[in-house]
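Note that these values count all heavy atoms, side chains included, but never hydrogens, waters or copies made by symmetry.
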Amino acid sequence: MASGFTKGNGLLLLDRLSGIFFAGLGLLLYFVIIPEQTEAVDYGWMRPQSVPNACAHLLLFLGIAQAAFPRGNISIDWREMLKACVFAAIMAIAIWLMTQFGYLLAVPIFAGCLMLLVGERRPGWLIGGVILLPLAIWLIVVPLLGRPLP
């Protein structure tokens, strides 16, 4: 059940607005958020801000491309919109849980909720995503790389 603009210049305006939004997000990330949220280090071959800065550049470039060359085919699937809102709520709760209880306790719950949200029901995949993957990430980041997780 998709609804929204289907014809006319309203589509182009929405495409342009979404492009401007994402270009602005790229600028905000590059100039404000990334500098404030990454620490400066003088060791290693890759700086902590390298990948986030590349993502910010991509958001800026692709946002400008979207605003400059709109395609004009927008519709809203309200069921998918509801899923996105549930995802955002789960993400906010997961971040709060990580600050309260730490990575190893919060992330398996978060991963399980997300896997169920996207429709995964196979036990092997659920076990892998809820137990094995968070544990592997923790083992790589904390003991191997010596970096803290929340």
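- To the nearest 0.5 Å, atom CG of residue L13 and atom CD1 of residue I20 are 8.5 Å apart.
- Using cut-offs of 30° and 60° on the angle between ring planes, the pair W96 and F101 is perpendicular.
- Counting all heavy atoms, side chain and backbone alike, D15 lies closest to P70 at CB-CB, 3.4 Å.
- Within the model, atoms CD of Q66 and CG of L17 stand 10.5 Å from one another, a figure rounded to the nearest 0.5 Å.
- L144 is not connected to L135 by any chain of hydrophobic side-chain contacts under 4.5 Å among Ile, Leu, Val, Met, Phe, Trp and Tyr, and they are in different clusters.
- I34 CD1 to N53 CG: the interatomic distance, rounded to the nearest 0.5 Å, is 4.5 Å.
- With a 4.5 Å cut-off on side-chain heavy atoms, W138 and L149 count as touching.
- Counting heavy atoms from C-beta outward, K83 and F87 have side chains that stay 4.5 Å or more apart.
- Looking at every heavy atom in both residues, G128 comes nearest to P134 through O-CD, 4.3 Å.
- The side-chain heavy atoms of I33 and L28, taken from C-beta on, include a pair separated by under 4.5 Å.
- Atom CZ of F22 is surrounded by 12 or fewer heavy atoms from other residues, nucleotides or ligands within 6.0 Å.
- Paired with R147 under the rule side-chain contact (heavy atoms from CB on, under 4.5 Å), one option of V141, I140, V142 passes, and it is V141.
- In terms of modelled atom types and a separation under 3.5 Å, the side chain of R121 and the main chain of L116 share a donor-acceptor contact.
- Between the CG atom in L59 and the CZ atom in F21 there is a gap of 9.5 Å [rounded to 0.5 Å].
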